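Treat the numbers as computed from the prediction; the structure is a model and nothing was measured.
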Amino acid sequence: MKVVLLAGGFGTRISEESQYKPKPMIEIGGKPILWHIMKEYSYYGYNEFVICAGYMQHVIKEWFADYFLHNSDITFDYTSGERKMIVHDQYLDKWKVTVVDTGLNTMTGGRIKRIQKYIGNEPFLMTYGDGVCDVDINELVKFHKSHGKIATLTAVRQDQSKGVLDIGGDNAVRRFREKKASDGVPINAGYMVLEPAIFDYIEGDSTVFEKEPLERLASQGELMSYTYDGFWQCMDTKHEMEKLNEMLANNKAPWKKW
């Protein structure tokens, strides 16, 4: 099962860092948060990734192009007048990574639609490239397979300005809407499992995935929630970035299972 990562937004709320690189490439603990998310999935055996890039997409491509170099011990030998490169040790993850330029101004739904040809007719995992979580991915997939619906999202209870959910007793999402300040209800944390039928719910580049597609799925009873009470943290602001860095520095990073 492939993992789709949304990594194309501008990251305007953390512009102190995103003016130099895409938000998913902002580092926590010396590695891009995108890498941390990929390590989460890899821990559970999911090693094939499709990255929906956009803003400064070349930075993501160049980072992976140099991944081998940056994660190996190498001797550069010029003593013979020629350049020799000797690789001593390699510290590479066994990943297959497809980075797709899904457009500069494409909305989230449009980005997912654009990578359809890389997914094919099979279910896939999907999340946002700016948040980490310690949810058990295998249990999430197991839950998705058990109900037979088109989409499953992970729901958490946190004070964040994300889409909120009205969830029934059978874990079906009855309604999906944007969060209000007065809400104290579960929110969409991403970490989704989607059937290929999801592409039929997306019209094009201007489609916001969290709007019409999810709202329509909810109204049809095709959107289920995997309610999770563990750790989840997005990185929308510099304060949140510093919080994640502090957790790593103090060995208190719940998402770091590898």
Just how far is it from atom [atom1] of [X] to atom [atom2] of [Y], taken to the nearest 0.5 Å?
{"X": "I119", "Y": "E48", "atom1": "CD1", "atom2": "CD", "result": "8.0 Å"}
{"X": "M235", "Y": "Y128", "atom1": "CE", "atom2": "OH", "result": "16.0 Å"}
{"X": "H147", "Y": "S225", "atom1": "NE2", "atom2": "OG", "result": "8.5 Å"}
{"X": "T75", "Y": "K84", "atom1": "OG1", "atom2": "NZ", "result": "12.0 Å"}

Indicate yes or no: at least one non-hydrogen side-chain atom of Y191 is less than 4.5 angstrom from one of Y41.
yes
For a 4.5 angstrom cut-off between non-hydrogen side-chain atoms, does F199 reach N121?
no
Hey, is the main chain of [Y] close enough, under 3.5 Å, to the side chain of [X] for a donor-acceptor pair?
{"X": "T127", "Y": "L5", "answer": "no"}
{"X": "S42", "Y": "M38", "answer": "no"}
{"X": "N47", "Y": "W95", "answer": "no"}
{"X": "Y228", "Y": "D134", "answer": "yes"}
{"X": "E222", "Y": "I150", "answer": "yes"}
{"X": "R111", "Y": "I51", "answer": "no"}
{"X": "H36", "Y": "I28", "answer": "yes"}
{"X": "T207", "Y": "G109", "answer": "no"}
{"X": "R216", "Y": "Y201", "answer": "no"}

Above 12 or not: heavy atoms from other molecules or residues under 6.0 Å from NZ of K243?
no
Candidates I202, T106, V100 - the one meeting side-chain contact (heavy atoms from CB on, under 4.5 Å) with R114:
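Output: one option passes, namely T106.
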Look at the aromatic rings of F76 and Y78 and report parallel, tilted or perpendicular, splitting at 30° and 60°.
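Correct class here is parallel.
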Y44 and K257: side-chain donor and acceptor closer than 3.5 Å?
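Indeed, the side chains of Y44 and K257 share at least one donor-acceptor pair under 3.5 Å.
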